[in-house]
Amino acid sequence: MHLIDSNEKIYVAGHRGMVGQTIWQHLDDAGYENLVGRTSDELDLRDPHATREFFEEEQPDVAVLAAARVGGILANDRYPADFIGDNLAIQQSVIEAAHETGVDRLIFLGSTCIYPKHAPQPMSEDSLLTGPLEPTNQWYAVAKIAGHKLCEAMHRQHGDDMLTLMPTNLYGPGDDFDLETSHVLPALLRKAHEAKSRKPSGRNSSDAPVTLWGSGEPKREFLYVDDLADAVRFILETPEEELRDVAPDGMFNVGVGEDLSINALMALIQDVVGHDGPVEHDRSKPDGTPRKLVDTSRLDTLGWQADTGLREGVEKTYEWFKQRVTSNVER
Ligand code: GFB
């Protein structure tokens with residue numbers, strides 16, 4: 001059994017990314033005072049020797065592995081070698097170093113794209129490895145499956161307390177808004193915002209069009225990043241026996257329990273941004289997996305649920321984006 005106390009040293013790997021920085025802030029706000037992190041310039045987690053040295057020097061009690069190469073559907077498709085190679089290397093060195101230096105608990109973050117493309121919905125943890133993956137993100141998915149399996153194997157062979165959280169599509173302040181590499185939600189927020197500010201001349205004209213990729217028919221489930229950070233805190237504060245009772249493989253889906261089509265997301269974003277122009281489709285871009293709603297029964301049983309509604313989360317993310325755009329312009 002392991003229950004965390006507020007003085008324990010927690011290493012947040014990837015604390016400069018959207019997920020890592022939100023986890024850091026959330027743990028800090030919850031009273032965890034002994035947090036450590038390294039930027040990628042300070043420590044290349046793909047390097048097993050440097051990673052091992054860092055663990056030996058800092059001796060963290062807990063590690064949260066939020067460092068990863070991530071991106072939207074196009075980035076996954078364009079850079080397959082980076083997505084599989086970097087993620088396998090990061091996971092291997094961090095999980096191995098945590099094992100070798102006796103970390104009490106490690107939380108590995110995966111993604112729900114690990115499940116088969118046509119898994120029954122909602123997708124339970126038991127559907128892992130029951131069918132072929134979605135081709136656009138198979139490289140990333142194979143790495144994340146391997147990361148989870150390494151944690152499971154470390155538990156099985158050595159008794160290590162290593163757990164995996166599989167969050168559905170994440171979004172929030174700090175997200176990547178680069179249209180080439182981002183996920184759909186920040187991309188559509190930015191496109192709607194920019195289309196609004198390019199309003200064609202003419203008194204009664206509507207805003208400039210927004211182009212979304214693919215058919216807009218695939219459905220996605222969106223989790224506000226603060227909710228994921230809270231799930232991480234919740235897991236850290238729950239004794240291992242309770243967790244293994246509901247998840248013998250140590251894996252937990254994290255989601256909100258409902259999804260919507262990309263077209264419906266577009267309509268919500270237009271409403272939040274105040275964009276009233278037409279929506280066009282670039283059908284040369286891929287749709288990806290048709291649907292990936294996750295079954296959250298395991299966390300439900302333990303008593304954790306996400307509490308940020310999609311509209312509220314989109315509004316907060318848009319506020320952050322506008323402030324960032326303004327401060328970039330002023331600089
Ligand atoms: O969020 P997204 O890039 O990734 O795309 P996935 C979700 C859906 O939104 C796809 C459509 O059907 C896209 O075609 N879409 C529409 C857009 N307009 C846009 C746009 O302007 N930008 C983007 N990016 N999409 C990723 C995986 O899958 O999800 C990763 O590739 C990871 O490995 C991540 O699992 C959570 O949901 O399809």
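In listed order, ligands and their atoms are each counted from 1. Numbering starts at 1 and runs along the sequence shown.
In this structure, a donor-acceptor pair under 3.5 Å is absent between the side chains of Asn253 and Thr296. If you check the side chains of Asp230 and His26, you find a donor sitting under 3.5 Å from an acceptor. Judged by distance alone, the side chains of His275 and Asp207 never bring a donor and an acceptor atom under 3.5 Å apart.
Within 4.0 Å of ligand 1, counting heavy atoms only, the contacting residues are Gly71, Gly72, Ile73, Asn76, Ser111, Cys113, Asn137, Tyr140, Asn169, Ser182, His183, Val184, Ala187, Leu188, Lys191, Leu212, Trp213, Pro218, Arg220, Ile262, Pro286, Asp287, Lys292.
Using a 4.0 Å cut-off between charged nitrogen and carboxylate oxygen, Asp126 and Arg298 count as a salt-bridge pair. Under 4.0 Å is where a charged nitrogen must lie from a carboxylate oxygen, and between Lys292 and Glu134 no such pair does.
Across Arg244, Glu152, Met251, His155, a single residue satisfies side chain to side chain contact (heavy atoms under 4.5 Å, CB included) together with Leu163, and that is Arg244.
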